[in-house]
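Written out below as structure tokens is the structure these notes cover.
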Amino acid sequence: MSDFLKTPMSLFDVAGKVAIVTGASGAFGALAAQVLAGAGAKLALVAGKVDALEETAVACQELGAEVEAINARPSDEAACAAIVSKTVERFGRIDILVVASGKNDVAKITEMAPARFLDVMDANVTQSWLMARAAGKQMLAQGEGGKMVLMSSARGLLGHPAGYSAYCASKAAVDGITRALGCEWGPTGITVNAIAPTVFRSPLTAWMFEDTEDAETVRKGFLTRVPKGRLGEPQDLAGPLLFLASKASDFYTGHTLYADGGYTAG
């Protein structure tokens, strides 16, 4: 009998692993940080909003995690190198990277200035690429593999009529980076995967969960496309994250995991 069958939950063990989480002040970043904290990981939390970063750091410390809070954005090569350097200086290595930073900007294409389009592409695509590059250099130097989880969206696969040309393009590009790096780093033990949710509960989407006529109308229309018949909750992202950040996903790379209640299936 294989040893893992005696303790199958050990496949999901990230205790003592060192994780960088960018966008740690946002909804998914804060959730990812706290999931990894509760699972015993050591955390380098990265965000540009100081107060929100501190809130996430305190929440993770209350869950028993060692935390290094880094007030920065992965905006260029130097910034990403500094994030990696500070993490290694504090914890000695990097095992997990979660890129949860990014943005959306909704406007019809004829009303969106090129600079706004490029800003979304920079935040979601270039910064993901830069952070993967910086963390990847460290993981390759360590020679023990690693786990990368990028933040995609159902909009990387599906369009949207409300003015999502920048966002859809950016998330499709994240999926492309995920596939390319999965192939490039396959032999090294570094896995690169993405989580692609649809609507889930967060400060930005809280209105859709409310008991108002407008929310009910929007929700009802949206749920006609969701086989599970409900909107996403934070715990719906927690399980996939832990899977992709742990040994359980060692044979999975270049994959985009849709946490969407079946939205992209139909």
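Note that the structure is predicted; figures quoted are calculated from it, not measured. We count residues from 1, following the sequence as given.
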(message) Strictly below 4.0 Å, N to O, side chains only: are Asp95 and Arg93 in salt-bridge contact?
(response) yes
(message) Please determine whether the number of non-hydrogen atoms from other residues, nucleotides or ligands lying under 6.0 Å from atom CD of Glu216 exceeds 12.
(response) no
(request) Identify the heavy atoms of Phe243 and Ser249 that sit nearest to each other, and give their distance. (result) O-OG, 2.8 Å
(request) Identify whether NZ of Lys or CZ of Arg in Arg201 sits under 6.0 Å from the centre of the six-membered ring of Phe209 and within 45° of that ring's axis. (result) yes
(message) Quick check against the 3.5 Å criterion: does Ser85 have a side-chain atom that pairs as donor or acceptor with the backbone of Ala82?
(response) no
(request) Could you grab the distance from atom NZ of Lys42 to atom CZ of Arg90, nearest 0.5 Å is fine? (result) 9.0 Å
(message) How long is the straight-line distance from OH of Tyr252 back to CG of Leu244, given to the nearest 0.5 Å?
(response) 10.0 Å
(message) Through direct or indirect side-chain contacts below 4.5 angstrom among Ile, Leu, Val, Met, Phe, Trp and Tyr, which residues connect to Ile109?
(response) none
(message) So, taking the atom named CG in Leu223 and the one named CG in Leu231, what distance separates them when rounded to the nearest 0.5 Å?
(response) 5.0 Å
(message) Return the CD to CZ distance between Gln127 and Arg133, rounded to the nearest 0.5 Å.
(response) 14.5 Å
(message) Between Asp236 and Arg230, does any NZ, NE, NH1 or NH2 come within less than 4.0 Å of an OD or OE carboxylate oxygen?
(response) yes
(message) Tell me every residue that passes side chain to side chain contact (heavy atoms under 4.5 Å, CB included) with Thr188, counting only those two or more places apart in sequence or in another chain.
(response) Leu140, Trp185, Ile190
(request) Output the distance between atom CG (Leu36) and atom OG (Ser246), rounded to the nearest 0.5 Å. (result) 10.0 Å
(request) Look at atom CD of Gln61 and say whether more than 12 heavy atoms of other residues, nucleotides or ligands are closer to it than 6.0 Å. (result) yes
(message) Taking atom CZ as the centre, does Arg219 end up with more than 12 heavy-atom neighbours from other residues, nucleotides or ligands that are less than 6.0 angstrom away?
(response) yes
(request) Could you tell me the separation between the CG atom of Leu31 and the CD atom of Glu233, rounded to the nearest 0.5 Å? (result) 11.0 Å
(request) State which residue, out of Ile20, Thr22, Leu241, fulfils the side chain to side chain contact (heavy atoms under 4.5 Å, CB included) condition with Val98. (result) Leu241
(message) Testing the basics here: between Asn124 and Tyr167, what is the closest heavy-atom pair and its distance to 0.1 Å?
(response) ND2-CD1, 3.9 Å
(message) Between Asp250 and Lys247, does any NZ, NE, NH1 or NH2 come within less than 4.0 Å of an OD or OE carboxylate oxygen?
(response) yes
(message) So which atom in Ala81 and which in Ala134 form the shortest heavy-atom distance, rounded to 0.1 Å?
(response) N-CB, 4.3 Å
